[in-house]
Amino acid sequence: MTSVVRAGHLAPYFKASSSVISNGLKPVSAVATPVDKLVSQSLPYTSTVQSLHGSLPIQGLKVRQSTQSPTQVRYAHSDVAVPDFSAYRRKDTLDPTVKAEEHTDGRSSFTYLIAGAGSMAGAYAAKSVVTQFVSSMAAAADVLALAKIEIKLAEIPEGKSVTFKWRGKPLFIRHRTAKEIAVEKAVPLELLRDPQTDDARAQQPEWLVVLGVCTHLGCVPIANAGDFGGYYCPCHGSHYDASGRIRKGPAPLNLEVPPHTFGEDGILVVG
């Protein structure tokens with residue numbers, strides 16, 4: 001304790017708070033012992049270092065020890081076993097006397113063959129996936145069946161309106177009389193909310209083809225009714241004339257005219 005108090009920077013504190021009691025022991029001084037007089041003492045247990053030291057080659061190895069510097073011993077690991085991967089190598093590469101260029105061409109051809117076959121298989125799989133994805137977005141079979149409709153005009157009498165179903169919507173086919181045609185052609189455009197001439201709406205004057213969907217809120221009008229003898233929507237009171245043009249009520253536009261053509265045999269094709 002006396003040496004600690006003298007050497008440390010906390011000596012004043014130790015002097016003030018510590019007391020030294022003599023135990024009658026004499027100080028021991030360290031004396032260097034010659035190397036030839038050292039006696040080895042066996043350890044109570046065998047450590048990993050000792051087991052490795054016993055297995056390493058120490059033939060003719062001499063160690064010099066000095067009290068002035070530490071001692072280092074290095075061993076040459078010349079007998080370490082190298083792992084053998086011959087079981088995983090190709091048979092044509094096991095012979096060390098054969099040059100690598102002699103069997104490289106065959107291995108490259110096999111690699112190119114596998115890469116080409118894999119690319120073709122991937123392209124075919126991608127094509128199948130894209131085809132199925134595009135097909136899933138196509139219209140259903142029932143919708144495609146109703147994409148076009150053929151109507152025999154000879155079965156519709158003059159002055160009557162017949163309703164058909166086309167693409168899930170009502171389709172009005174009206175066989176107009178000569179009087180109705182003359183009345184609709186004489187209507188001034190300035191009186192119309194959605195100005196359209198009768199010739200622009202009917203490809204053939206005696207046949208009017210319109211969708212039976214009210215342009216106000218999508219209701220189905222009644223044929224041969226209303227103030228103008230055309231179509232009348234009882235839901236909100238929209239009146240259309242015999243050309244399908246809005247004449248009175250809240251509807252903003254005329255009835256839609258779908259694409260249609262007239263065949264030579266009196267067949268009307270809508271769609």
Side-chain angles (χ1 to χ4, degrees), residues 132-271:
Q132 293 180 1
F133 178 73
V134 174
S135 300
S136 65
M137 296 188 297
D142 55 347
V143 176
L144 294 176
L146 296 176
K148 290 185 179 182
I149 183 174
E150 296 182 355
I151 302 170
K152 294 181 179 181
L153 298 178
E155 298 178 355
I156 304 175
E158 187 178 7
K160 298 296 182 179
S161 179
V162 182
T163 304
F164 297 90
K165 185 179 181 181
W166 177 69
R167 294 184 180 179
K169 300 178 182 179
L171 178 67
F172 293 160
I173 308 297
R174 187 185 186 97
H175 192 177
R176 300 190 301 179
T177 62
K179 181 180 178 180
E180 290 175 341
I181 297 173
V183 171
E184 300 306 328
K185 288 186 176 183
V187 175
L189 294 180
E190 58 269 12
L191 299 179
L192 302 176
R193 183 177 302 171
D194 185 11
Q196 277 185 322
T197 62
D198 184 71
D199 296 335
R201 295 180 58 80
Q203 296 182 14
Q204 295 185 8
E206 64 272 18
W207 297 103
L208 177 67
V209 183
V210 293
L211 293 180
V213 180
C214 181
T215 58
H216 179 222
L217 291 177
C219 305
V220 179
I222 301 174
N224 297 325
D227 297 346
F228 301 90
Y231 303 93
Y232 171 67
C233 182
C235 299
H236 302 92
S238 297
H239 298 260
Y240 300 88
D241 58 15
S243 186
R245 297 174 294 190
I246 182 64
R247 301 293 294 274
K248 182 181 178 181
L253 301 173
N254 302 330
L255 295 178
E256 182 182 354
V257 178
H260 60 280
T261 56
F262 292 91
E264 298 179 355
D265 300 332
I267 302 297
L268 173 65
V269 180
V270 180

For the pair Arg174 and Glu180, evaluate salt bridge (charged side-chain N to carboxylate O under 4.0 Å, His left out) and give the outcome as yes or no after the intermediate values. CA-CA 11 Å; Arg174 187 185 186 97; Glu180 290 175 341; 3.2 Å; yes
Run Thr163 and Leu171 through side chain to side chain contact (heavy atoms under 4.5 Å, CB included) and show every step you take. CA-CA 5 Å; Thr163 304; Leu171 178 67; over 6 Å; no
Evaluate Phe164 against Ile151 for side chain to side chain contact (heavy atoms under 4.5 Å, CB included), listing each step before the verdict. CA-CA 9 Å; Phe164 297 90; Ile151 302 170; 3.5 Å; yes
Run the side chain to side chain contact (heavy atoms under 4.5 Å, CB included) check on Arg247 and Leu192 step by step: do they pass? CA-CA 6 Å; Arg247 301 293 294 274; Leu192 302 176; 3.5 Å; yes
CA sep, side-chain torsions, deciding dist, call: His175, Leu153, side chain to side chain contact (heavy atoms under 4.5 Å, CB included): CA-CA 8 Å; His175 192 177; Leu153 298 178; over 6 Å; no
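The main-chain N or O of Cys214 is never found under 3.5 Å from a side-chain atom of His216 such that the two would form a donor-acceptor pair. Distance alone, capped at 3.5 Å, is enough to place a donor-acceptor pair between the Arg201 side chain and the Leu255 backbone. With Asp241 contributing its side chain and Ser243 its backbone, the two residues share a donor-acceptor pair below 3.5 Å. Here the side chain of Glu256 pairs no donor or acceptor atom with the backbone of Leu211 at under 3.5 angstrom.
Applying the salt bridge (charged side-chain N to carboxylate O under 4.0 Å, His left out) criterion to Lys248, with sequence neighbours excluded, gives Asp227. For the ring-ring contact (aromatic ring centres under 6.0 Å, His included) test, residues two or more places apart in sequence or in another chain that qualify with Tyr231 are Phe172.
Each of Leu253, Leu191, Asp194, Asn254 was compared with Arg245 under the side chain to side chain contact (heavy atoms under 4.5 Å, CB included) criterion, and only Asn254 meets it.
Counting all heavy atoms, side chain and backbone alike, Pro258 lies closest to Val210 at CD-CA, 3.9 Å.
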